[in-house]
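None of the values given here were measured: they were computed from a predicted structure. In what follows, chains are A, B, ... by sequence order, proteins preceding strands, each numbered from 1.
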Number of protein chains: 2
Amino acid sequence: MSKTPNRSRKQRAPLDIRSVAARANVSIATVSRTINRVPTVNAKLAKRVWTAIHELGYVPNTQARALGSGRSGMLGLVVSEITNPFFPELIQGFEDVAIENGFEILISSTNYDPKRMEVCIRRLLERKAEGVAIMTFGIEQPLFEQLAERNIPLVFVDAGPDRPGVSLLKVDYGHGIRQGVQHLAALGHRKIGFISGPMRLHSARSRSAAFLHALKECGIAARPEWHVEGDHTLEGGIKAMEKILECASRPSAVMCSNDMTAIGVLHKAFRVGLRVPADLSVIGYDDIQMAKVTIPPLTSIQMSRVDLAKAAVRALKEHIVEGGNPQREYKIDTHLVVRESTAYPPGAMSDLKSS
Amino acid sequence: MSKTPNRSRKQRAPLDIRSVAARANVSIATVSRTINRVPTVNAKLAKRVWTAIHELGYVPNTQARALGSGRSGMLGLVVSEITNPFFPELIQGFEDVAIENGFEILISSTNYDPKRMEVCIRRLLERKAEGVAIMTFGIEQPLFEQLAERNIPLVFVDAGPDRPGVSLLKVDYGHGIRQGVQHLAALGHRKIGFISGPMRLHSARSRSAAFLHALKECGIAARPEWHVEGDHTLEGGIKAMEKILECASRPSAVMCSNDMTAIGVLHKAFRVGLRVPADLSVIGYDDIQMAKVTIPPLTSIQMSRVDLAKAAVRALKEHIVEGGNPQREYKIDTHLVVRESTAYPPGAMSDLKSS
DNA sequence: ATCCACAAAGAAAACGCTTTCTCTTGGAGC
DNA sequence: GCTCCAAGAGAAAGCGTTTTCTTTGTGGAT
């Protein structure tokens, strides 16, 4: 090992704002103002600056910009699991909306792992995110106290710490789920199972509760052995379905807390030779893209990723630019999308089935 | 609108390295050295510094760090489409490996859109990414010249500009695809269709060529009308399958350039009442998680996301830390994973089918 | 005991911008 | 023709680090 420092400053021409200034024969202040479209710069000078910028191929340094201005221009987005298709769809929407509003995004996937989550939060802090959307659907909020304490605008889904500057995206699980249960009830189902998400997730508890509530509304008795906990993954769906199949008396329909679970259920049903929807009706939740092409196409409850993304960015932006700590709530609604994984229960008037 | 500037510096205590220094009664240089684990700091002082850091809840500012050190510590990852499950899986792997190696990642999804791609590149430039992995599988390379010109270490899949500092991940499409074709041939298929990806993608062309080559090796004639171009999406798979179904004579097996396409094919087959694998065998490519649970589970050619991610980060890191411009190549291999979407062609010895 | 080399800590100079402050101009008003 | 003011451009002071350069102190060799 030589003593040479392994870092070589100025490996090439500096290509900074100074070189642009020199070439355009103006001060660096003018270059900065031009780039930031400050209206007071003379049009002629501005043109000269832009020319210089293009000729030199100059690109401003974001880090320096952030440092100088005190604004990072970044919004954090924390999701639970990037490999669950729901989230990439959400990320895409969030990114689009964020960019429209002049922000860039910083994605963090927690994988339901508290350790990873800590790393994520640290990263958001270190990078000075101006606002953070926590779309993990209810994972341990206390971890996010650090962000709240530092007065970073936050948006949670469903529930979050009750603090100024923390807004909420209230998802109306009730509506979609009621529609789902009513749909099943209308078809004649009285034996309806439910596979929840991990019960430590707020959203999973909400969905579960909404299901029970809807069941009662329809005058259908809940059967605890048909109400099993999943984990929002394919494998979780399969395992949960196995549990349900072990019951002496089986439900004629199963509602799932998300589509991945439902796809697992579809798979397990296929494995044991149960035909969907003839022998078993299945309803998913989220309405991911894949739901359109499962076999059979999945009846699912849609929660719009775009709405979620729009509301989140909007909430954050309001906090950031308007200042103040609104602590608002935004409603996100959900509704049933009927496809082909639901039908009359076995035996009941199956000959009436049309189309 | 008041004349008050909408930016308020120092809204709280500064909580910078200076306050830590003051509290620990050392200079800021010592704090910096402590944080960066420079071995020359006295253990006693270091402890004092750490205490101060924790008591204050100090978090260093990444932007300032990057500016001061000239190292951003960020690796760019450009993917084509975040909503295609292959990519989130890849991202996850890449992130894990990158973090292990002390880097953070900056994700950009291009959506096959040149305009977006330009934005992505600009962002990477502005944020001073120290290296970029371009995992778009062959989209227009010229766009990345900007990065290459600035001497940023680059990794491409399959093919990239022939320049110092640009490494390649050579995927051995041939092997997996040959296995796939041989598998079909062994089952007795002689009529094999192929749905490619968008032909402007290098990887799509390679897979297509590899398929044709393997066909020839097996002494099977290629039928142009069974060789149709898809776009690596679900809908693309459905449409491509429709085209194939229009053919007067239909293939008994279809190989797809990726799993999403294959899932589309499965769906279309279901729609028209073709049973897979009894009436039609289907092979996918990528072996995404979902392949395990399609109905039937999809025989697919696996290309390891983890291998890809590891090789990419390794290549980048070698460029960055070792300096020099290696221009290396890394082999990524692929192999067939047999599941249940492939079987004897219809009519041929179907009674021999075991298990 | 004196000097020197060396280790460890502090002072200060970057890093590449933004933004405040200051200065120069040119024109309106008298 | 002179003053005053506003507009536009430049100078310079940060922003929060890292890293070089200095300084200070310590132990060993002479």
Seminar exercise, completed: From CG of A:Leu67 across to P of C:dT19 the rounded distance in Å is 12 Å
Problem set entry | Candidates C:dT18, D:dT18, C:dG16 - which lies nearest the side chain of B:Ser32 | D:dT18
For this session: Write down the distance between CZ (B:Arg65) and C1' (D:dC15), rounded to a whole number of angstrom.
Result: 16 Å
For this session: Flag the pair B:Asp16 and B:Arg18 as a salt bridge only when some basic side-chain nitrogen lies within less than 4.0 angstrom of an acidic carboxylate oxygen.
Result: yes
Exercise. What is the minimum heavy-atom distance between B:Asn101 and B:Lys317, and which atoms define it?
Worked result: OD1-NZ, 2.8 Å
Problem set entry | Interatomic distance where CZ belongs to A:Arg18 and C1' belongs to C:dT18 [whole Å] | 12 Å
Problem set entry | Distance-minimising heavy-atom pair for A:Ser108 and A:Cys120 | CB-SG, 3.3 Å
Problem set entry | Upstream residue (5' side of DNA chain C) when B:Lys128 and B:Asn42 are each assigned their closest nucleotide | B:Asn42
Exercise. Is the backbone of B:Ala66 close enough, under 3.5 Å, to the side chain of B:Ser72 for a donor and an acceptor to pair up by distance?
Worked result: no
Exercise. Hey, is CZ on B:Arg314 packed in by over 12 heavy atoms from elsewhere, all under 6.0 Å?
Worked result: no
For this session: Kindly give the heavy-atom pair with the smallest separation between A:Met74 and A:Leu106, and that separation in Å.
Result: CE-CD1, 3.6 Å
Exercise. Where do B:Phe137 and B:Phe156 land on the ring-ring contact (aromatic ring centres under 6.0 Å, His included) test, with the steps shown first?
Worked result: CA-CA 8 Å; B:Phe137 293 87; B:Phe156 283 82; over 10 Å; no
Output a table of nitrogen or oxygen pairs between the protein and nucleotides 10-12 of chain C separated by less than 3.5 Å.
unit_1: C:dG10; atom_1: OP2; unit_2: B:Ser27; atom_2: N; d: 3.0
unit_1: C:dG10; atom_1: OP2; unit_2: B:Ser27; atom_2: OG; d: 3.1
unit_1: C:dG10; atom_1: OP2; unit_2: B:Thr30; atom_2: OG1; d: 2.5
unit_1: C:dG10; atom_1: N7; unit_2: B:Arg33; atom_2: NH2; d: 2.8
unit_1: C:dG10; atom_1: O6; unit_2: B:Arg33; atom_2: NH2; d: 3.4

For this session: Provide the closest heavy-atom pair for B:Ile82 versus B:Ser109 in the form atom of the first, atom of the second, distance.
Result: N-OG, 3.3 Å
Give me, pair by pair, the N or O atoms of the protein and of nucleotides 23-28 of chain D that are less than 3.5 Å apart, along with how far apart they are.
none

Problem set entry | Residue among B:Leu316, B:Val166, B:Leu77 satisfying side-chain contact (heavy atoms from CB on, under 4.5 Å) with B:Val155 | B:Leu316
Problem set entry | Interatomic distance where CZ belongs to B:Arg37 and P belongs to C:dA8 [whole Å] | 17 Å
For this session: Return the value, rounded to whole Å, for the distance between atom CG of B:Leu125 and atom P of C:dC17.
Result: 12 Å
Exercise. Of all the nucleotides listed (D:dT19, D:dG8, C:dT18), which has the minimum atom distance to the side chain of A:Ser69?
Worked result: C:dT18
For this session: Can you tell me the distance, in whole Å, between the CG atom of A:Asn36 and the P atom of C:dT19?
Result: 7 Å
Exercise. Is a side-chain donor-acceptor pair under 3.5 Å present for A:Arg163 with A:Asn151?
Worked result: no
Exercise. Would the number of heavy atoms belonging to other residues, nucleotides or ligands and lying under 6.0 Å from NZ of B:Lys128 be above 12?
Worked result: yes
Problem set entry | Donor-acceptor pair between A:Asn36 and A:Arg65 side chains, under 3.5 angstrom | yes
For this session: For the side chain of B:Tyr58, starting at C-beta, report the closest nucleotide among D:dT17, C:dC15, C:dA9.
Result: D:dT17
For this session: Would you kindly give the CZ-to-P distance between A:Arg48 and D:dG8, to the nearest whole Å?
Result: 16 Å
Problem set entry | B:Asn61 CG - D:dG14 P separation (whole Å) | 18 Å
For this session: Work out how much the helix from C:dA1-D:dT30 to C:dC30-D:dG1 bends between its end axes, five pairs an end, to the nearest 10 degrees.
Result: 50°
